[in-house]
Amino acid sequence: MNESSPTHGALFGTTTNPCPAWCTEAPGHGYDTTDKFGQWEFRYHSRTFPAAGTEGVDLTQGERLWPDGTLELESPAINLPEVMRSPGLDGQEARGVAVALCAAADRWDEINAAGGSS
């Protein structure tokens, strides 16, 4: 599978396929990667949970569009853009990341409880 950044430009234009309610990408954001055989297109849904003084915490979920129109959602993932940062987080920034992580984890639980499509 090709990887893509959660913040991206669409290779294949926009789409009418809806995003999950929690996604903060632009409505109709397009698919930005494909497999090496061109069998499916792929895009990420994403939401950033802000944390003061940091890049925040990202919740992402991949979506694959098969040629027959079938949509397949991957399990959501929580990502820390600043896992390695020098000189590191101070106490206030660490508490902010902790709060953002908890918010992302709560949304992750909601998505999974709804079968991956909340």
Side-chain angles (χ1 to χ4, degrees):
M1 175 175 80
N2 294 327
E3 292 295 324
S4 170
S5 167
T7 303
H8 55 276
L11 279 178
F12 307 109
T14 60
T15 181
T16 58
N17 292 333
C19 292
W22 58 267
C23 179
T24 57
E25 294 283 348
H29 67 96
Y31 296 88
D32 63 348
T33 60
T34 186
D35 73 325
K36 65 182 178 179
F37 304 108
Q39 294 180 6
W40 46 258
E41 297 174 9
F42 192 85
R43 68 179 177 167
Y44 275 102
H45 298 291
S46 68
R47 177 183 199 130
T48 298
F49 294 84
T54 74
E55 293 179 29
V57 174
D58 293 329
L59 177 66
T60 60
Q61 185 176 35
E63 176 187 289
R64 189 171 286 108
L65 174 64
W66 292 94
D68 66 0
T70 301
L71 293 176
E72 178 184 333
L73 289 172
E74 295 184 340
S75 293
I78 297 170
N79 304 293
L80 296 168
E82 295 188 59
V83 171
M84 297 300 288
R85 175 178 153 179
S86 181
L89 301 175
D90 64 24
Q92 181 178 354
E93 291 169 337
R95 281 186 284 283
V97 169
V99 168
L101 273 169
C102 288
D106 289 345
R107 181 60 66 150
W108 187 94
D109 290 341
E110 292 170 12
I111 294 167
N112 281 315
S117 62
S118 177

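Each residue takes its place number in the sequence, starting with 1. Predicted model only: the values in this text are computed from it and were never measured.
Atom CG of Asn17 sits about 6.0 Å away from atom CD of Glu63, to the nearest 0.5 Å. Here the CG-CH2 distance, from Leu59 to Trp108, works out to 10.0 Å after rounding to the nearest 0.5 Å. The CG atom of Leu80 lies 10.5 Å from the CD atom of Glu55; values are rounded to the nearest 0.5 Å. With rounding to the nearest 0.5 Å, the separation of OH in Tyr44 from CG in Asp32 is 8.5 Å. The CD1 atom of Ile78 lies 12.0 Å from the CZ atom of Arg107; values are rounded to the nearest 0.5 Å. Rounded to the nearest 0.5 angstrom, Leu101 CG and Asp106 CG are separated by 11.0 Å.
For Ala100 against Ala51, the heavy-atom pair with the smallest separation is CB-CB, 4.1 Å. Closest heavy-atom contact between His45 and Pro18: CE1-O, 4.4 Å. Taking both residues in full, the closest heavy atoms of Thr48 and Pro50 are given as O-CD, 3.5 Å, listed atom of the first, atom of the second, then distance.
In this structure, Gln61 contributes its side chain and Glu74 its backbone to a donor-acceptor pair below 3.5 Å. Side-chain atoms of Thr24 come within 3.5 Å of backbone N or O of Ser46 as a donor-acceptor pair.
Thr60 and Asp58 share no donor-acceptor pair across their side chains, judged by distance under 3.5 Å alone.
Grouping the Ile, Leu, Val, Met, Phe, Trp and Tyr side chains by contacts below 4.5 angstrom, directly or via other members, places Trp22 with Phe49.
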Glu72 and Trp40: side-chain contact (heavy atoms from CB on, under 4.5 Å), yes or no, with the steps? CA-CA 10 Å; Glu72 178 184 333; Trp40 46 258; over 6 Å; no
Could you walk me through whether Thr15 and Glu41 pass side-chain contact (heavy atoms from CB on, under 4.5 Å), step by step? CA-CA 11 Å; Thr15 181; Glu41 297 174 9; over 6 Å; no
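Annotation: cation-pi geometry satisfied between Arg43 and Tyr31 (NZ/CZ under 6.0 angstrom from ring centroid, within 45° of ring axis).
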